[in-house]
Amino acid sequence: YSLNYWCGVFGVASPKTSMTGADVGDAFERGDYDAISRYALADALAAGEIFRRLEPTVLPVLEAPPA
């Protein structure tokens, strides 16, 4: 599933508002590296927020030693 999907599941604001991965190539061709960096940072922050919400719930179960 996409980051946009998981943002919806966990109630995190989707970073896919002004740019998506499909737009990165065009931005690169234009030399708009600032837009690409903002896009990448927004993705990283959204992924971090999803992780923060998962950390106290699912992750301890996954990290538990097998019974």
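Note that these values count all heavy atoms, side chains included, but never hydrogens, waters or copies made by symmetry. For reference, positions follow the sequence shown, starting with 1.
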Worksheet item: Going only through I, L, V, M, F, W and Y residues with side-chain contacts under 4.5 Å, is there a path from Tyr39 to Leu3?
Response: no

Fill in: Between SG on residue Cys7 and NZ on residue Lys16, distance to nearest 0.5 Å
8.0 Å

Discussion item. Holding to side-chain contact (heavy atoms from CB on, under 4.5 Å), I want the full list of residues that pass it with Ala42, two or more places apart in sequence or in another chain.
Written reply: Pro15

Discussion item. Between Phe10 and Leu54, is there a side-chain heavy-atom distance shorter than 4.5 Å?
Written reply: yes

Discussion item. Suppose we screen for salt bridge (Lys or Arg N to Asp or Glu O under 4.0 Å). Which residues come up paired with Arg53, at least two apart in sequence or across chains?
Written reply: Glu49

Worksheet item: For Leu45, what are the other residues in its hydrophobic cluster, where any two members join if their side-chain heavy atoms are less than 4.5 angstrom apart?
Response: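 Members other than Leu45 - counting any ILVMFWY side chain reachable under 4.5 Å - are Leu41.
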
Fill in: Non-neighbouring partners of Tyr5 that pass ring pair (Phe, Tyr, Trp, His ring centres under 6.0 Å), sequence neighbours left out
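For Tyr5, the residues satisfying ring pair (Phe, Tyr, Trp, His ring centres under 6.0 Å) (neighbours in sequence not counted) are Tyr1.
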
Worksheet item: What distance do Glu55 atom CD and Ile50 atom CD1 have between them, rounded to the nearest 0.5 Å?
Response: 14.0 Å

Worksheet item: Can you list every pair that meets salt bridge (charged side-chain N to carboxylate O under 4.0 Å, His left out) and has a residue in residues 4-13, with sequence neighbours left out?
Response: none

Show me the side-chain donor-acceptor pairs of residues 22-31 shorter than 3.5 Å, one per line, residues at least two apart or across chains.
unit_1, atom_1, unit_2, atom_2, d
Asp23, OD2, Thr20, N, 2.8
Asp23, OD2, Thr20, OG1, 3.3

